[in-house]
J.: 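Below you'll find the structure I mean.
All ligand and atom numbering here is 1-based and tracks the order in the structure.
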Amino acid sequence: MSSVTVQDPIPEKLRAWDRTLVWHAFTQMAEYEPLIIERADGCVLVDIDGNEYIDGVSSLWCNVHGHRHPKLDAALHEQLDHVAHVTSLGSSNPTTIKLARRLVDITPAGLEHVFFSDDGATAVEVAVKMALQYWRQRDDPRPQKTCYVALGEAYHGDTIGSVSVGGVERFHAMFRPLLFETLRVPAPDTYRTPEGVSADNLTAYHLDKLESVLREHHQRIAAMVIEPLVQAAAGMIVHPPGYLRGVRELTREHDVLLIADEVAVGFGRTGRMFACEHEGVSPDLLCLAKGLTGGYLPLAATLATDKIYNAFLGDYAESRTFFHGHTYGGNPLGAAVALACLDVFEEEKTLAALTPKIERLAEHLDRIGDLPHVGHVRQCGLIAGIELVRDPATKEPYPWQEKRGIRVCEHAKSEGVWLRPLGNVVVVMPPLAITLEQLDRIAAAVERGISALTH
Ligand SMILES: *Cc1c(COP(=O)(O)O)cnc(C)c1O
């Protein structure tokens with residue numbers, strides 16, 4: 001094959017190679033229809049044929065200030081003039097150090113140390129391993145603490161450790177033989193509630209469930225892992241008020257570490273910088289990724305308290321070191337763009353500017369919620385899930401094989417709005433930089449799609 005063809009292939013060639021050479025994530029390749037994005041501007045994606053799409057799910061929940069933001073682009077160029085990569089194994093660089101300082105300053109109180117990695121899954125792996133090693137190395141060691149508590153339908157990434165704490169049956173059942181032990185408590189779902197449980201006592205019901213597991217097993221539980229406020233991949237399940245605070249109180253009471261996975265909900269999505277802030281919660285370990293670089297580059301961070309960090313200190317020969325690392329962890333290009341992302345939050349008052357957008361989204365959801373086959377709409381900040389059901393009276397789901405969510409999103413695409421559903425849940429989770437007019441267009445496309453494709 002001549003190099004000329006590789007450098008400048010025609011769109012048809014690109015589509016053919018994309019279909020056969022690139023193995024896409026979470027995609028049935030036998031049915032894959034290429035969508036090849038050639039460039040983007042703000043909240044609009046442009047494909048190789050020049051078609052434009054509003055980025056309705058933030059390029060999978062990570063874009064924050066829009067694509068090709070001048071500040072973020074400039075920060076990246078500037079870092080390139082210094083150095084593109086420095087290893088975090090025994091060395092450092094000014095940009096990554098400054099990012100650690102900023103993260104410690106803006107995250108909930110008590111998180112004082114930052115371990116950098118490169119993706120959400122690795123941020124969770126790091127937290128899970130740190131928790132276990134902490135219990136073994138602290139004064140008054142508790143080596144029997146080797147298992148974890150996590151919620152039903154939890155999603156924490158796709159590496160084996162993060163799958164072990166994950167609980168999405170359709171993704172994770174296959175890998176069961178490879179996984180370590182995790183105790184599961186039901187997700188506090190406000191739509192599909194247990195019999196006899198109402199909105200008023202839902203939080204208490206689920207905290208009771210958790211308490212009985214902690215009471216019985218706390219001696220062997222290293223940590224509880226939770227997606228605070230919103231279980232994203234589960235279908236944007238929004239937890240009832242008070243649940244997260246209750247989880248924090250119970251884990252503290254029973255000597256179990258709390259790992260907050262804010263990979264999806266962090267960096268403004270919920271209307272606050274971090275979801276934990278809504279309930280005044282400080283976890284023992286905090287996982288950040290996705291929005292950390294504004295959606296530009298793979299970079300992740302696991303923040304830890306002094307108490308945990310100190311258990312890893314000692315003479316070299318004591319082997320208390322955290323023997324874990326990722327080649328590109330703390331990469332300076334990622335750190336530079338992450339710092340610029342935080343600057344933009346301040347300069348553009350991104351969080352304050354969200355209020356009217358969150359309200360507009362709520363108005364649209366209100367209307368969409370009245371469509372006959374919409375069983376439930378849920379929202380937290382600029383995150384929304386619209387659940388399609390065959391029968392709203394019984395909450396009977398559409399069989400997943402009918403691909404209702406996918407078809408609604410295909411309709412939206414034909415109207416210039418790019419979305420990706422979670423089964424029967426249509427997800428709207430645009431960049432924080434989305435305009436009201438773009439939000440209106442997303443909602444209109446979703447509304448027409450649902451009307452046309454559910455019956
Ligand atoms: C996406 C996600 C992850 C995994 O992040 P990757 O960067 O894809 O590895 C972990 N936890 C939550 C809550 C997520 O939404």
J.: So, is Asp119 polar-close to ligand 1, with some N/O to N/O distance under 3.5 Å?
T.: yes
J.: Would you check if the side chain of Asn331 reaches a backbone N or O of Leu333 as a donor-acceptor pair within less than 3.5 Å?
T.: yes
J.: With a heavy-atom distance limit of 4.0 Å, tell me whether Trp61 approaches ligand 1 through its side chain, its backbone, both, or neither.
T.: side chain
J.: Over all heavy atoms of both residues, which pair between Phe312 and Gln133 is shortest? Give the atoms and the distance, please.
T.: CE2-CD, 3.3 Å
J.: Which atoms of ligand 1 are found less than 4.0 Å from any heavy atom of Ala264?
T.: 15 (O)
J.: Grab the two heavy atoms, one from Asp18 and one from Pro34, that are nearest each other, plus how far apart they are.
T.: OD2-CB, 3.4 Å
J.: Give a yes or no on whether a salt bridge exists between Glu153 and Arg192, defined as a side-chain N under 4.0 angstrom from a carboxylate O.
T.: no
J.: Any non-hydrogen atom of Asp261 lying under 4.0 Å from ligand 1?
T.: yes
J.: Begin from the C-alpha positions of His67 and His65 and carry the test ring-ring contact (aromatic ring centres under 6.0 Å, His included) through to its verdict.
T.: CA-CA 7 Å; His67 298 268; His65 301 299; over 10 Å; no
J.: Does some non-hydrogen atom of the protein lie less than 4.0 angstrom from atom 8 (O) of ligand 1?
T.: no
J.: Do His172 and Tyr155 touch side chain to side chain, with heavy atoms closer than 4.5 Å?
T.: yes
J.: We want to know whether Ser59 and Asn63 form a side-chain donor-acceptor pair, criterion being a heavy-atom distance below 3.5 angstrom.
T.: no
J.: Looking only at distances, please establish whether an N/O atom of ligand 1 is found under 3.5 Å from an N/O atom of Ala289.
T.: no
J.: For ligand 1, is there an N or O atom under 3.5 Å from any N or O atom of Lys290?
T.: yes
J.: Taking both backbone and side-chain atoms of Ala121, is any N or O found less than 3.5 Å from an N or O belonging to ligand 1?
T.: yes
J.: What's the shortest distance from atom 6 (P) of ligand 1 to any protein heavy atom, and which residue and atom give it?
T.: Gly120 N, 3.3 Å
J.: Which atoms of ligand 1 are found less than 4.0 Å from any heavy atom of Glu227?
T.: 13 (C)
